[in-house]
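The next block holds one structure in the form of structure tokens; read it before the comments.
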2 protein chains.
Amino acid sequence: MTKSGAEVAKLPLNEIVRGDCIDVMNALPEASVDLIFADPPYNLQLGGTLHRPDNSRVDAVDDDWDQFASFEAYDSFTKAWLAAARRILKPNGAIWVIGSYHNIFRVGAALQDEGFWILNDVVWRKTNPMPNFKGKRMTNAHETMIWAGRDRSAKPTFNYDALKALNEGTQMRSDWTLPICSGHERLKTEEGGKAHPTQKPQSLLHRVLVGSTNPGDVVLDPFFGTGTTGAVAKMLGRDFIGIERDEGYIKVAKKRLSMIRSYEKAALEVTTSKRAEPRVPFGQLVERGLLRPGETLVNPKGEVAKIRADGTLATKTLKGSIHQVGAALDGAPSCNGWTYWSFVRDGQRVVIDSLRQQIRSEMS
Amino acid sequence: MTKSGAEVAKLPLNEIVRGDCIDVMNALPEASVDLIFADPPYNLQLGGTLHRPDNSRVDAVDDDWDQFASFEAYDSFTKAWLAAARRILKPNGAIWVIGSYHNIFRVGAALQDEGFWILNDVVWRKTNPMPNFKGKRMTNAHETMIWAGRDRSAKPTFNYDALKALNEGTQMRSDWTLPICSGHERLKTEEGGKAHPTQKPQSLLHRVLVGSTNPGDVVLDPFFGTGTTGAVAKMLGRDFIGIERDEGYIKVAKKRLSMIRSYEKAALEVTTSKRAEPRVPFGQLVERGLLRPGETLVNPKGEVAKIRADGTLATKTLKGSIHQVGAALDGAPSCNGWTYWSFVRDGQRVVIDSLRQQIRSEMS
DNA sequence: TTGTACTATGAATCCGTCC
DNA sequence: CGGACGGATTCATAGTACA
């Protein structure tokens with residue numbers, strides 16, 4: 001995982017590399033990237049030109065890069081770039097891939113076949129999708145993203161509490177309701193058309209990057225396009241690497257990135273989990289005299305245990321840590337002794353966790 | 001497409017056939033079924049027992065029928081039943097398959113490989129999914145359904161206007177918001193437990209069958225379970241064929257189906273679902289760039305707080321949601337942050353609730 | 001009868017660190 | 001690397017009990 005200075009120096013951080021993404025990724029040092037976000041070609045096989053009821057032409061995806069002769073051709077392309085992507089990921093790295101029903105099932109199966117481990121599939125619900133003009137299908141109102149770890153044993157970054165905060169205090173769900181990229185955010189050519197047919201909204205990338213990276217992480221996008229991944233990464237204080245074949249897209253992306261400024265550092269600090277707080281052994285409360293050996297603790301049912309000099313508890317029949325004795329009394333598989341036990345001061349029960357908080361605040 | 005009387009007579013209409021679905025389907029006449037709805041095993045790969053934070057145990061899906069040795073084993077099973085299913089479909093027949101990220105990508109790829117032609121993928125958004133108790137992933141709040149024609153040239157039934165009517169007059173989208181099957185609808189064993197671990201809600205099948213069959217059509221379900229497909233088909237005046245291996249499930253399904261007749265009309269009326277209220281998390285204003293991380297908000301007293309990337313606020317001493325920080329600053333038990341905080345534009349204070357209104361109007 | 005408080009439960013790939 | 005152990009972790013509904 002640790003790279004030599006020479007190797008790290010090779011990473012083209014915050015640059016766009018022109019070329020085929022498989023070749024470029026193969027030239028990068030292995031295990032050097034924290035996260036990959038990929039929006040690969042969709043393999044759309046559209047019959048002819050599509051018209052709206054008013055006969056205006058729908059500007060569909062018909063670019064060369066989106067054409068594949070067969071599922072087999074698409075599969076071998078997919079496996080090749082996924083294998084190249086996997087090599088450059090750090091051991092705890094992860095990947096996001098976005099697609100529609102035309103390609104996402106093949107991508108998902110290939111991810112699993114290549115050894116990635118799916119963590120969640122996330123549905124992007126579009127608030128304002130393009131309607132189905134012919135009335136022959138349902139409105140295609142969503143796209144699917146797959147979030148997967150490098151392998152089954154990887155422990156990718158997951159900022160659970162930050163996502164929970166983004167969702168106003170309730171756990172983030174696997175369906176995200178966000179508008180498509182339009183208006184001022186949508187990049188235009190000099191002629192006024194779309195600069196890229198499938199430009200993703202920044203809000204989508206914001207949620208992806210806040211949820212699965214930390215400031216300073218390296219985020220690579222092998223199908224950079226007009227650089228939404230790089231733009232949001234830069235705003236959020238992450239480093240990016242963009243790979244793109246098309247010089248026209250690169251030109252637009254470079255201009256876009258030059259105008260982005262990063263948010264201030266303090267704003268990038270995000271709600272953290274309790275697990276990250278320093279561990280306080282219960283025995284320390286005894287050592288520091290906040291609780292005395294021989295003193296009695298009470299559980300919610302009114303059962304009591306005595307504190308011993310080594311920071312363990314004892315009832316008539318049980319001995320062990322605050323967690324072990326609590327679990328045994330409740331017949332539960334586990335117990336958080338900190339919130340389970342109380343001591344008595346002035347006739348009032350006080351949860352022992354308040355003493356831990358006191359120690360933690362003194363530590364900081 | 002037209003079958004002889006002898007062959008049609010062989011169809012076990014409105015019956016449950018006990019046996020392996022591949023064998024049973026292979027014994028049916030070809031091109032005899034209008035629609036197949038399949039809820040195959042998901043191949044969940046669960047670890048040890050899971051407990052809720054209150055230490056109650058989660059009743060997991062650990063049945064034998066959901067166990068496969070490998071992806072390869074699952075794939076060959078999938079291809080075999082899909083091939084058998086395709087043979088018995090009429091030329092304009094279609095199939096629905098439901099799954100989760102554990103299996104749906106493999107199913108979707110297999111569908112395409114076997115010659116089916118995907119028409120839509122539909123996301124079932126659960127209003128009340130089981131949360132992620134350990135805080136390690138996002139809530140798995142949806143399942144995916146694939147709707148596919150027998151082949152590229154098939155013209156399956158699609159009742160566009162009926163679905164539009166079900167959706168309050170606007171075109172049906174590819175995401176359906178429906179509650180999981182619980183309460184009285186959930187079938188129980190005599191001991192009071194779940195009769196089947198994965199019973200689907202009738203509302204889901206109602207929408208599927210209204211949208212893609214006509215009265216009198218033949219609907220086959222190769223993984224019949226406790227017979228939701230048959231129950232809804234019967235209510236809607238479609239013929240069904242159920243295939244199921246487990247005698248216990250068959251027994252429950254038969255009893256269920258025998259009672260459908262008398263409740264037919266009432267049951268039809270309860271299948272409409274309510275739509276979820278649009279809740280707008282404050283974090284979405286940040287994700288969507290309406291407010292920037294690092295930007296300052298002001299309360300009525302002129303006190304300020306800075307916005308962070310995860311949609312929380314921070315003052316010199318406080319961190320939390322717009323509501324929490326507002327309440328703390330006022331020493332109040334609660335606070336509506338939406339009307340409490342303002343941002344500054346062109347020297348004018350603007351309440352952040354105006355941004356929420358803007359988002360709500362876009363959503364409706 | 002009505003309102004409130006409490007309990008039960010759902011297709012789940014659900015811990016991290018130190019010894 | 002296996003085992004021990006500290007201790008963190010949940011949302012929407014439906015049903016039930018009781019005032």
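Since this is a predicted model, take the numbers as computed values, not measurements. Below, read A as the first sequence line, B as the second, and so on, with proteins coming before strands; counting in each chain starts at 1.
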Can a side-chain donor-acceptor contact be found between [Y] and [X] if the only test is distance below 3.5 angstrom?
{"X": "B:His142", "Y": "B:Asp175", "result": "no"}
{"X": "A:Tyr340", "Y": "A:Asp330", "result": "yes"}
{"X": "B:His102", "Y": "B:Ser100", "result": "yes"}
{"X": "A:Ser212", "Y": "A:Trp96", "result": "yes"}
{"X": "A:Arg173", "Y": "B:Thr139", "result": "no"}
{"X": "B:Asn103", "Y": "B:Tyr42", "result": "no"}

If I pick the [atom1] atom on [M] and the same atom on [N], what distance separates them, to the nearest angstrom?
{"N": "D:dG7", "M": "C:dC14", "atom1": "P", "value": "23 Å"}
{"N": "C:dT1", "M": "D:dA17", "atom1": "C1'", "value": "15 Å"}
{"N": "D:dT10", "M": "C:dT7", "atom1": "C1'", "value": "15 Å"}
{"N": "D:dT13", "M": "C:dT13", "atom1": "C1'", "value": "26 Å"}
{"N": "D:dG15", "M": "C:dA11", "atom1": "C1'", "value": "23 Å"}

Does the base of D:dA8 carry an N or O that pairs as donor and acceptor with the side chain of A:Ser273 under 3.5 Å?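 Not at all, since no donor on one side and acceptor on the other fall under 3.5 Å apart.
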With salt bridge (Lys or Arg N to Asp or Glu O under 4.0 Å) as the rule and sequence neighbours excluded, what pairs involving residues 353-362 of chain A come up?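 Sorted pair list: A:Glu277-A:Arg360, A:Arg288-A:Glu362, A:Asp353-A:Arg356.
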Can you see if the side chain of [X] gets near the phosphate of [N] - specifically, an N or O under 4.0 Å from OP1 or OP2?
{"X": "A:His323", "N": "D:dG7", "answer": "yes"}
{"X": "A:Arg356", "N": "D:dA8", "answer": "yes"}
{"X": "A:Thr339", "N": "D:dA8", "answer": "no"}

Tell me what [X] touches on the nucleic acid: a base, only sugar-phosphate, or nothing, going by heavy atoms under 4.0 Å.
{"X": "A:Ser321", "result": "sugar-phosphate"}
{"X": "A:Arg173", "result": "nothing"}
{"X": "A:Tyr160", "result": "sugar-phosphate"}
{"X": "B:His51", "result": "nothing"}

Given that A:Phe282 and A:Gln171 both sit by DNA chain D, which one's nearest nucleotide is further toward the 5' end?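 Here A:Phe282 is the residue nearer the 5' end.
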Return the 5'-most residue of the pair B:Glu185, B:Pro53 with respect to DNA chain D, ranking by each residue's nearest nucleotide.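 With B:Glu185 and B:Pro53 compared, the 5'-side residue is B:Pro53.
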Plane angle bin for B:Tyr74 and B:Phe68 - parallel if under 30°, tilted between 30 and 60°, otherwise perpendicular: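 Plane angle over 60°, so perpendicular.
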Does D:dT9 count as syn, meaning its glycosidic angle lies within 90° of 0, or as anti?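 Anti conformation for D:dT9.
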Dump the intermediate steps for salt bridge (charged side-chain N to carboxylate O under 4.0 Å, His left out) on A:Asp113 and B:Arg106, then the final yes or no. CA-CA 10 Å; A:Asp113 290 341; B:Arg106 314 203 76 84; 2.6 Å; yes
How does protein contact run along nucleotides 6-19 of chain C, one letter per nucleotide 5' to 3', with B for base contact, S for sugar-phosphate only, - for none, heavy atoms under 4.0 Å? ---BBBBBBSS---
List DNA chain C stems (3 or more consecutive Watson-Crick/G-U pairs, under 3.5 Å)?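 Paired runs of 3+ in DNA chain C: C:2-10 with D:11-19, C:15-19 with D:2-6.
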